[in-house]
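FYI, side chains are in, hydrogens and waters are out, and symmetry mates aren't considered; it's all heavy atoms of this structure. What you see is a predicted model; the values in this text were computed from it and never measured.
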Amino acid sequence: MQTVNRKIKQTAILLLLGATLLAILAGSSTFISFRSNAAFEKTIAERQLRRTAADLLSALQDAETGQRGYLITLDPAFLEPYQGARTRIPELRAALEQRLVMDPRRGEDLLAELDALIDLRMGLIETTLEAAGAGDVPTARAIVGQGQGKPAMDRVREVLGEVIAASDIRTSALVSVQGRMNRWLQVASVLGGIAMLAVVGSAFVLLARQLRALRAAEDQLRRLNVGLEGRVQQRTEDLMRANQEVQRFAYIVTHDLRAPLVNIMGFTSELETALKPLQAYVLADGETVTEDNIRDARLAAAEDLPEALAFIRSSTRKMDGLINAILKISRDGRRELKPERVDLKALAEQAAASVAHQLGETGGEAQIDVKVPPLVTDRLSVEQALGNLVDNAVKYASPGRPLRLKIRAVPDGPRMVRIEVEDNGRGIADTDHERVFELFRRSGSQDQAGEGIGLAHVRTVVRNLGGEITLRSVHGQGSTFTLHLPVDLRAVLETVRT
């Protein structure tokens, strides 16, 4: 769940960064577009200014051309260009004033000079045309021949040429600005497209990862549910098995502890019976003691009392041994386990070394074959289990046959290890395979000392480690005890806590 939340947070951050980048690019594009539009509008204004100045110069030239043509030919058709120019010049002059806004001070001076020049030139043209119209053509031609209007016209060409040249320079600069803006706009568009593709692609990648993470989480949850059901079923089975063992334990304890108590109670009655002749003899207080009383008293003192005391003493020792065995199993069952790194081969060699002397006396041998890495488990529990199994192998060796003891360890799946302790001793009958693991129960001839708690103790410590012990045996040929232990006790303890 934490992984999914982290992925969602990463996606949100990525989308926020992508949105910020797109906003920056969009703002930049908008700014560049506004700058480009402003440059374009100024370029249009400069073009209009240039055209107005050129049109004004052309109109003045048309007026001058119409004047000269009429004075030379006296053809009224040449007055048409003059009349048209005379009408257009005021309009063009007003348009020029409106468009000279880039430099108002320069525009005012230029217009003042231009007005004087136009008035001068148009006045000369009107004067010559009026003279010609009045029939004084030589005078009008003489005025033209003197070139009085030429300086004014030349100056008009210079002024309007300056206006056109300045407009061309500004237009060129504006075109350059507009070109740069267009290039920046192209760059911004390309970057925006790349950023969009990157954001969308990253979003798809993260979305795919999230979907995979969600599917993995669902699969893990499904496996956990299956594992939980399995653990519940396993714990239910463990609880049922533990309940059955408690019932068997209660029966065994009740039965085995009851037998010594019955013996004690019975021989207590014997003591009471044996005490009566003694009392009759010792407490006679001067009364006559018969021969029968004397004989009974001596028999009680010599036989009955010692026998009863011996049986009572034996029964109490039996009860003490049983109680101590129960306390030992109880203490081991409640002992806190301490997981640590344990070299199983070293423990096996240690267990074999503890019985090396007994093996040597009978010509026996021990073989160690451990093919597993170190475990994380409770060292003392494994030492006790291996030590007990090895001791039993030596204790119940087959008479007249050298003992062959083998300790093997191999992996048993990814999380378990299998430890086998094999011998060629007496073996155990099929009917006793389960019975030998019960408290105070033994198999075969009872020619060895013991209370029958060893294998019960081994099963207890192995189950505390999260494992199990099983038995394969053929009577008269030997036995193989197998310990199934987890590789890492910490995982078992964590599962138990949850």
Side-chain angles (χ1 to χ4, degrees), residues 3 216 219-220 223-224 226-228 230-231 233-235 237-238 241 332-356 358-359 364-394 403-425 437 454-473 478-498:
T3 302
D219 293 340
Q220 183 180 8
R223 288 194 301 270
L224 289 175
V226 173
L228 179 61
R231 288 197 299 271
Q233 182 177 357
Q234 181 64 39
R235 291 187 181 182
E237 294 175 356
D238 292 343
R241 185 167 56 247
D332 289 338
R334 290 182 288 105
R335 185 177 65 84
E336 181 180 357
L337 300 177
K338 298 179 180 179
E340 60 179 298
R341 188 179 177 85
V342 175
D343 186 347
L344 194 56
K345 184 176 182 181
L347 288 188
E349 291 174 347
Q350 177 182 336
S354 67
V355 295
Q358 295 93 315
L359 289 174
E365 63 176 354
Q367 298 179 2
I368 309 297
D369 184 17
V370 176
K371 298 179 179 178
V372 294
L375 310 180
V376 177
T377 187
D378 184 75
R379 180 184 298 275
L380 179 59
S381 297
V382 179
E383 285 179 349
Q384 290 176 343
L386 284 177
N388 194 290
L389 294 177
V390 169
D391 288 342
N392 278 356
V394 173
L403 178 62
R404 298 290 181 262
L405 178 64
K406 299 179 182 179
I407 303 177
R408 294 185 296 269
V410 294
D412 188 17
R415 300 181 181 179
M416 300 292 289
V417 64
R418 187 172 72 250
I419 306 170
E420 296 180 349
V421 179
E422 180 183 351
D423 64 65
N424 62 340
F437 293 108
L455 291 178
H457 178 245
V458 172
R459 172 177 276 185
T460 298
V461 298
V462 169
R463 286 183 174 176
N464 284 344
L465 296 177
E468 188 56 85
I469 180 172
T470 58
L471 167 65
R472 299 193 314 272
S473 181
S479 303
T480 301
F481 289 90
T482 303
L483 305 179
H484 303 270
L485 295 178
V487 173
D488 192 341
L489 179 60
R490 294 171 298 186
V492 176
L493 297 178
E494 183 66 23
T495 302
V496 172
R497 293 190 186 103
T498 57

(message) Please evaluate residues V355 and L403 with respect to the criterion side chain to side chain contact (heavy atoms under 4.5 Å, CB included), reporting the C-alpha separation (whole Å), side-chain torsions for both, the decisive distance (0.1 Å), and the verdict.
(response) CA-CA 11 Å; V355 295; L403 178 62; over 6 Å; no

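- When the salt bridge (charged side-chain N to carboxylate O under 4.0 Å, His left out) test is applied to R408, the partners found at least two apart in sequence or on another chain are E420, E422.
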(request) Show the numbers, then the answer: is there a side chain to side chain contact (heavy atoms under 4.5 Å, CB included) between D378 and V342? (result) CA-CA 8 Å; D378 184 75; V342 175; over 6 Å; no

Show me the donor-acceptor pairs, under 3.5 Å and distance only, between side chains in residues 364-371 and residues at least two apart or in other chains.
none

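- Shown here are the side-chain contact (heavy atoms from CB on, under 4.5 Å) partners of E383, two or more places apart in sequence or in another chain: L347, Q350, R379, L380.
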(message) Run the side chain to side chain contact (heavy atoms under 4.5 Å, CB included) test on V458 and F481 for me, step by step, so that the C-alpha distance in whole Å, both residues' side-chain angles and the decisive distance to 0.1 Å come before the verdict.
(response) CA-CA 11 Å; V458 172; F481 289 90; over 6 Å; no

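- Considering only residues two or more places apart in sequence or on other chains, P339 meets the side-chain contact (heavy atoms from CB on, under 4.5 Å) condition with V376, L489, R490, L493.
- In this structure N388 satisfies the side-chain hydrogen bond (donor to acceptor under 3.5 Å, both in side chains) test together with N392, sequence neighbours excluded.
- Within the 4.5 Å cutoff, the side chain of V417 has no heavy atoms near those of the D412 side chain.
- Residues V382 and V461 are not in side-chain contact: their nearest non-hydrogen atoms beyond the backbone lie 4.5 Å or more apart.
- In this structure the side chain of N464 never reaches within 4.5 angstrom of the side chain of S381, judged on heavy atoms.
- With sequence neighbours excluded, the residues forming a side-chain hydrogen bond (donor to acceptor under 3.5 Å, both in side chains) with S473 are S479, listed by chain and number.
- Note that OG1 of T377 and CZ of R341 are 13.0 Å apart. Values are rounded to the nearest 0.5 Å.
- In this structure the side chain of R472 never reaches within 4.5 angstrom of the side chain of T470, judged on heavy atoms.
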(request) Please report the C-alpha distance between L405 and V421 in whole Å, then the side-chain angles of each, then the deciding distance to 0.1 Å, and finally whether the side chain to side chain contact (heavy atoms under 4.5 Å, CB included) criterion is met. (result) CA-CA 7 Å; L405 178 64; V421 179; 4.0 Å; yes

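- Taking CG of L485 as the reference point, atom CG of L344 lies at 8.0 Å (rounded to 0.5 Å).
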